[in-house]
Asker: 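Please find one structure pasted underneath; my questions will follow.
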Amino acid sequence: MTTEVTNKTEETIKNSNFIKDIIDEDLKSGKHNQVVTRFPPEPNGYLHVGHAKSICLNFGLAKSYNGRCHLRFDDTNPTKEEQEYIDSIKADVQWLGFSWGDHEYYASNYFEQLYDWAILLIKAGKAYVDDQTADQIKETRGTLTKPGTNSPWRNRSIEENLDLFQRMRNGEFQNGEKVLRAKIDMASPNINMRDPVMYRILHAHHPRTGDKWCIYPTYDYTHGQSDAIENITHSICTLEFQDHRPLYDWFVENLPVPAVPHQYEFARLNLTYTVMSKRKLLRLVKENHVNGWDDPRMPTISGMRRRGYPASAIRDFCERIGVAKANSTVDFQLLENCVRDELNRNALRFMAVTRPLKIVITNYPEGKVEWIEAENNPEDPSAGTRKVPFTREIFIEQEDFMENPPKKYFRLFPGNEVRLKHCYYITANEAIKNPDGSIKEVHCTLDPESRSGSTPDGRRIKGTLHWVSATEGKKAEIRLYDHLFLLANPDKVEEGKDFLENINPESLEVLTDAVVEPDLVKVAPGTATQFLRMGYFVADLSHTPEKPVFNRTVGLKDGWAKVQRNQ
RNA sequence: UGGGGUGUAGCCAAGUGGUAAGGCACCUGCCUUUGGAGCAGGCAUCCGUAGGUUCGAAUCCUCCCACCCCAGCCA
């Protein structure tokens, strides 16, 4: 990849958005003199492209305002979090091209401080230990239209609350036996303000703090204070937390925190033909509808990486979709366009025949091998050239030959002349059939004057086909990926059914008869390439020169399909 | 029926009182040794609806409509 070309995309006009407007105002008014953001994943799953949007936003803002962005794990629920996820999240953020420097934090680092602050709230009469069961708390919370009612334990003495909270920490109670609640307003129209739970008892092993704690703070009690401790200026989250902002502010206002951070919300990313919730992605993995979190059909960062999507393309995508507050679903084609855009400029070209049809060039000597020079990337002359072997027997794509072609088909058919890319012109003379009537091979003749793709008479040739020597080419496995779901909106299902109903049974097609030019099998796993006329393909993680495997990243735009459609 | 949000083209999205950016998709041409790429052009008399204010409104006001989120000891 050349840096020069890559930078060109990165510098495309940046969209303005309401968060930048807020930051501009804050900087102008002197409210802040630097920008500090944070990306706060919960380590309970792998990151997906929706997280990429948040990562690009937070790290991107920090970068363009010369501030910094923290990576903070929101690890307050040990029953769902694992070290494996922490590791994968760090790898994915780095792969996306962002760096948090020394600023790697964990909400669990603040457990002791959070505990001390909880005691302050108790002493101020603003928090209490509640003995009600989860069900009782649920019942007394009220509904959307009816106010809740006070817990019978709401007015315990400060001393008793202090003692009970200490004993909760000491492990004297079972899970669920008691919780610490903020004393706010059980009649608030905002349900989040109806005495929200601050601590629950969870006798569980934490990936970071081990068995030190058996009480864990909730998200609401943790997030704002963590932001304050880290001096976060702009705490950016998704829309569903809008209702939590008053609570976020309440804790910050009622605690002696070192700074006053503010929360801003934007709409999460939705993409057509895929699902984005961690719960659903987890199901796809656990129920084996895909082969793991990094299956190339997954919208995870690791899946896209394995699929061959360049990090720069994902960044470009996140820039192009913008940041706003309206719920929206972005067309998957925009993502694919970003991927093609990047790959077109940087991917090395090769020839590979996915579904081979043998061509015998009857006027070419048996056993002869000519080495034809081929450019590696027409978009980038500095990518150089390579030599491709040409022989009497070659393979072309099955779909590139038809005995009875429709109008405007200018590939190979009896009597027609086409150009072999980088090579000779050939004319089809005869289709040799198998006993069952299928085509076994096609006999052709070449024009010796046409070597290198043109002739002295300058005659125009409309069709150019890619090809691979039948004797010098290498066998390879090619995996063609398609959308994991049949519908643009996978959640659109009949009553009682779920998104799995819409899984595309043909989202993966494995071709084992593919033949590729010799140089191609030598590439390293992860190398992005273009198979001429077929699309962009990446050497899979499992790829070796002895057992080549390529994943289709995305196809090329198909102009012929459009011609047929409009016919 | 309580509270919080959002409605600009098929899909995203700028726009912050002066007469609708940009991208994707789509459509036309041109060009082409990838039916790719590239180049040129087209694509909202109108901004959810109805009123009002104003010389002037997508932008301000009012009503209405639609959609999303909230009743985890998840985040």
Side-chain angles (χ1 to χ4, degrees), chain A residues 12-13 15-17 21 40-42 44 74 76-77 79-80 130 132-134 137-139 141-148 175-181 188-194 196-202 215-216 218-220 222-223 237-246 265 267 269 272 278-279 319-338 340-341 344-345 349 351 374-375 378-379 408-411 419-423 425 452-454 461-466 488 530-535 555-563 566:
Chain A
T12 46
I13 308 90
N15 283 325
S16 75
N17 65 53
D21 291 345
E42 182 191 10
N44 67 342
D74 221 327
T76 58
N77 185 354
T79 65
K80 291 186 177 173
D130 194 344
Q132 291 184 111
T133 63
I137 287 178
K138 185 176 180 178
E139 282 162 26
R141 185 153 29 228
T143 68
L144 295 178
T145 52
K146 269 179 291 202
N175 288 357
E177 223 178 295
K178 285 178 170 41
V179 290
L180 182 72
R181 291 228 257 173
S188 172
N190 180 343
I191 293 181
N192 293 301
M193 300 299 271
R194 319 235 265 227
V197 170
M198 292 168 58
Y199 275 90
R200 71 283 214 199
I201 298 169
L202 252 27
I215 59 172
Y216 290 92
T218 56
Y219 164 86
D220 284 312
T222 306
H223 211 91
C237 62
T238 45
L239 253 29
E240 66 271 27
F241 291 102
Q242 284 177 120
D243 289 344
H244 293 243
R245 192 180 344 123
E265 312 86 9
L269 170 67
T272 55
K278 276 196 199 171
R279 201 202 104 245
E319 182 60 37
R320 293 208 229 176
I321 56 177
V323 178
K325 300 193 74 159
N327 287 314
S328 63
T329 302
V330 176
D331 191 335
F332 200 89
Q333 289 180 103
L334 176 59
L335 212 206
E336 294 191 323
N337 178 81
C338 294
R340 288 195 190 100
D341 195 47
N344 174 51
R345 280 179 283 104
R349 270 63 169 175
M351 292 198 285
E375 61 191 348
E379 304 293 320
K408 292 185 180 172
Y409 182 87
F410 42 82
R411 275 116 95 144
R419 171 168 41 229
L420 295 176
K421 179 73 180 175
H422 305 305
C423 199
Y425 293 178
S452 88
S454 60
I461 298 295
K462 291 186 89 174
T464 299
L465 311 183
H466 61 279
Q530 184 196 96
F531 291 0
L532 282 179
R533 302 208 307 136
M534 298 308 286
L556 250 24
K557 277 208 275 187
D558 192 346
W560 171 234
K562 198 166 81 178
V563 170
N566 298 339

Asker: Who passes side chain to side chain contact (heavy atoms under 4.5 Å, CB included) against A:Phe241, sequence neighbours left out?
Answerer: A:Tyr219, A:Cys237, A:Thr238, A:His244, A:Gln263

Asker: Using the C1' atoms only, state how far B:G48 lies from B:A9, rounded to an integer number of Å.
Answerer: 14 Å

Asker: Contact between A:Leu465 and A:Arg533 at the side-chain level, heavy atoms closer than 4.5 Å - yes or no?
Answerer: yes

Asker: Between B:G4, B:G36, B:A14, which nucleotide has the shortest distance from any of its atoms to the side chain of A:Asp243?
Answerer: B:G4

Asker: Where the side chain of A:Ile191 is concerned, which of B:U34, B:A13, B:C70 is the nearest nucleotide?
Answerer: B:C70

Asker: So which protein N/O to nucleotides 29-31 of chain B N/O distances come out below 3.5 Å?
Answerer:
none

Asker: Would you measure the distance from the C1' atom in B:C46 across to the matching atom in B:U8 and give it in whole Å?
Answerer: 9 Å

Asker: Classify the nucleic acid contact of A:Lys562 as base, sugar-phosphate or nothing, counting any heavy atom under 4.0 Å across all strands shown.
Answerer: sugar-phosphate

Asker: Do the side chain of A:Glu319 and the base of B:G23 come within less than 3.5 angstrom through a donor-acceptor pair of N or O atoms?
Answerer: no

Asker: Kindly say whether, by distance alone, the side chain of A:Asn190 makes a donor-acceptor pair under 3.5 Å with the base of B:G4?
Answerer: no

Asker: Applying side-chain contact (heavy atoms from CB on, under 4.5 Å) between A:Leu202 and each of A:Thr76, A:Ile215, A:Asn77, report the one that passes.
Answerer: A:Asn77

Asker: Closest nucleotide of RNA chain B for A:Lys408 versus for A:Glu240: which of these residues is on the 5' side?
Answerer: A:Lys408

Asker: Counting the atoms with a prime plus P, OP1 and OP2 as sugar-phosphate, which does A:Arg194 contact under 4.0 Å by heavy atoms, base, sugar-phosphate, or nothing?
Answerer: nothing

Asker: What's the CD1-P distance between A:Ile321 and B:C12, to the nearest Å?
Answerer: 11 Å

Asker: Name the nucleic acid region contacted by A:Thr329, choosing base, sugar-phosphate or nothing; use a 4.0 angstrom heavy-atom cut-off, strictly under.
Answerer: sugar-phosphate

Asker: Nearest to the side chain of A:Tyr219 - B:A14, B:A75, B:U6?
Answerer: B:A75

Asker: From the list B:A14, B:C68, B:G2, which nucleotide is the closest neighbour of the side chain of A:Asn17?
Answerer: B:A14

Asker: So A:Pro378, base contact, sugar-phosphate only, or nothing? Heavy-atom distance under 4.0 Å.
Answerer: base

Asker: Roughly how many Å apart are B:G4 and B:A14, using the P atom of each and rounding to a whole number?
Answerer: 24 Å

Asker: Name the closest nucleotide to the A:Ser328 side chain, picking from B:C12, B:G2, B:U34.
Answerer: B:C12

Asker: Would you mind classifying the nucleic acid contact of A:Ile137 as base, sugar-phosphate or nothing, using non-hydrogen atoms under 4.0 angstrom?
Answerer: base

Asker: How close or far is atom P of B:A37 from atom CG of A:Leu556, stated in whole angstroms?
Answerer: 7 Å

Asker: Out of B:A37, B:G5, B:G35, which has the shortest distance to the side chain of A:Gln242?
Answerer: B:G5

Asker: Which residue lies toward the 5' end of RNA chain B, A:Phe410 or A:Asp21, if each is placed at its nearest nucleotide?
Answerer: A:Asp21

Asker: Tell me what A:Ala134 touches on the nucleic acid: a base, only sugar-phosphate, or nothing, going by heavy atoms under 4.0 Å.
Answerer: base

Asker: Look at all strands and tell whether A:Gly453 reaches a base, only sugar-phosphate, or nothing, counting heavy atoms closer than 4.0 Å.
Answerer: base

Asker: By the 4.0 Å heavy-atom rule, please label A:Asn337 as base, sugar-phosphate, or nothing.
Answerer: sugar-phosphate

Asker: NA contact type, A:Glu177, heavy-atom cut-off 4.0 Å: base, sugar-phosphate, or nothing?
Answerer: nothing

Asker: Report the nucleotide, chosen from B:C70, B:A37, B:U34, that has the shortest atom-to-atom distance to any side-chain atom of A:Leu144.
Answerer: B:C70

Asker: Let me check something: any side-chain donor-acceptor pairs from residues 321-329 of chain A under 3.5 Å, sequence neighbours excluded? List them with distances.
Answerer:
unit_1	atom_1	unit_2	atom_2	d
A:Lys325	NZ	A:Gln242	OE1	3.2

Asker: When you get a sec, tell me which of B:C73, B:A75, B:A37 is the closest nucleotide to the side chain of A:Glu42?
Answerer: B:A75

Asker: Taking only the side-chain heavy atoms of A:Arg200 (C-beta and beyond), determine which of B:C74, B:G5, B:G72 contains the nearest atom.
Answerer: B:C74

Asker: Show the nearest heavy-atom pair for residues A:Asp130 and A:Arg181, with the distance to one decimal.
Answerer: OD2-NH2, 3.0 Å

Asker: Quiz question: going by heavy-atom distance under 3.5 Å, is there a donor-acceptor pair between the base of B:G35 and the side chain of A:Arg411?
Answerer: yes

Asker: Measuring from the side chain of A:Leu532 (C-beta onward, heavy atoms only), which nucleotide among B:U34, B:G36, B:A25 has the closest atom?
Answerer: B:U34

Asker: Rounding to the closest angstrom, what is the interatomic distance between B:A13 and B:C24 at atom P?
Answerer: 16 Å

Asker: Would you classify A:Lys138 as touching base, sugar-phosphate or nothing, given that sugar-phosphate means primed atoms plus P, OP1 and OP2, and contacts are heavy atoms under 4.0 Å?
Answerer: sugar-phosphate

Asker: With a cut-off of less than 4.0 Å, is there a side-chain N or O of A:Thr76 near OP1 or OP2 of B:C74?
Answerer: no

